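What you see below is based on every heavy atom in this structure, not just the backbone, and it leaves out hydrogens, waters and symmetry mates. Bear in mind that the values here come from a model prediction, so they are computed numbers and not experimental data. Read the numbers this way: they start at 1 and go in the same order the structure lists the ligands and their atoms.
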Amino acid sequence: MNSFKKFKNLVPPIATLSSPHLLSIEGMPKTEIVSLLERADYFADIQISKIEKTLNGYVILNVFFENSTRTRVSFELAGRRLGAEVINISVNMSSIKKGESLLDTANTLSAMRPDVLIVRHPDSGAPKLFSEYLDCSIVNAGDGRHEHPTQALLDALTIKRRLGRIEGLKIAICGDISNSRVARSNIHLLTTLGAKVRCIAPPTLMPKDLSNLGVDCFDNLEEGIKNTNVVMLLRLQNERMSGTETPSKREYFHYYGLDNKKLGLADSQAVIMHPGPMNRGVEIASNLADDENRSLIKMQVQMGVAIRMAAIESLHNKKYAR
Ligand code: NCD
């Protein structure tokens, strides 16, 4: 079901953002979020051969200081579909020292005169730092535990296309909330659009300040999942843990992994999401990950390209356009 019916025969305009960068969802006005979703919804339906190459001659640098498959490829495809040149740079963290050397890297990248820099970095705030030193638009493709704005946008687009709305839905975000930039961006976005967000995590993986963000917190999944319309699972991000936060994977699955029995407590039409990469049998039972009726995991990947097209295009003709 597509909730953007009013645009059925109309092409929604290029989204207008007040900032030349896309660094976070926190602080982004609802109107800007909605305009990105509407434009991406149009890109999700248009035949690829009909897409106008409006970013011809535009240079996008995809700079990833952390491993990524789906996000990097998705930004690359998005840029190419709009006619831009996209160059991927994987940076080996072992050769980079923090602080000053990050600025050295910024200066090197700046000398290449990109129009947009897509940055993923293990340190929260790195994309913002880049935005202060470089003369180009910066898109945050995930920074530490901070934010992953395009992931939240693609999640919202997926929910809207499938369930027809976001306002009033009960959405559970379950798992390693503490280490998740996906959770943080989704909390800001989904509450801005009027969803009732519940966060479910073991006490060791639940940040202390969450209730200030207008969400309800649960350490019992069976309680938290009751009557929810969307169950969004998160990967256990061991790379950001000190080692003592979780019990064995088996025990974690027993209490916090989604299986048929626990899903039975959610709304009878509830859908399942996961940003990937997922650990089958840890965060989610394999049969549910592959359940075509309930799992939106593949759709999330598809919507990722459409959202990134809308985002990159909206930064065109901004302050830094040449
Ligand atoms: C997420 C990320 O990198 O934050 N993945 C993604 O972008 N698809 C989630 C994760 O790594 O678990």
Query raised in the report: Distance only, no hydrogens: is a donor on one side chain within 3.5 Å (strictly under) of an acceptor on the other, for Glu147 and Ser185?
Result: yes

Requested in this report: Would you mind reporting whether Leu117 and Pro114 have side-chain heavy atoms less than 4.5 Å apart?
Outcome: yes

Query raised in the report: Side chains of Glu283 and His274: is there a donor and an acceptor less than 3.5 Å apart?
Result: yes

**Report entry** Nearest non-hydrogen partners of Phe253 and Val282, listed with the distance
**Finding:** CD1-O, 3.3 Å

Report summary line: Ordered by chain then number, the protein residues lying under 4.0 Å from ligand 1 by heavy atom are Arg70, Thr71, Arg120, His148, Gln151, Arg181, Val182, Arg235, Pro275, Gly276, Pro277

Query raised in the report: Are Glu66 and Arg181 close enough for a salt bridge, meaning some N to O gap below 4.0 Å?
Result: yes

Query raised in the report: Is Lys298 salt-bridged to Asp290, going by a charged N under 4.0 Å from an acidic O?
Result: no

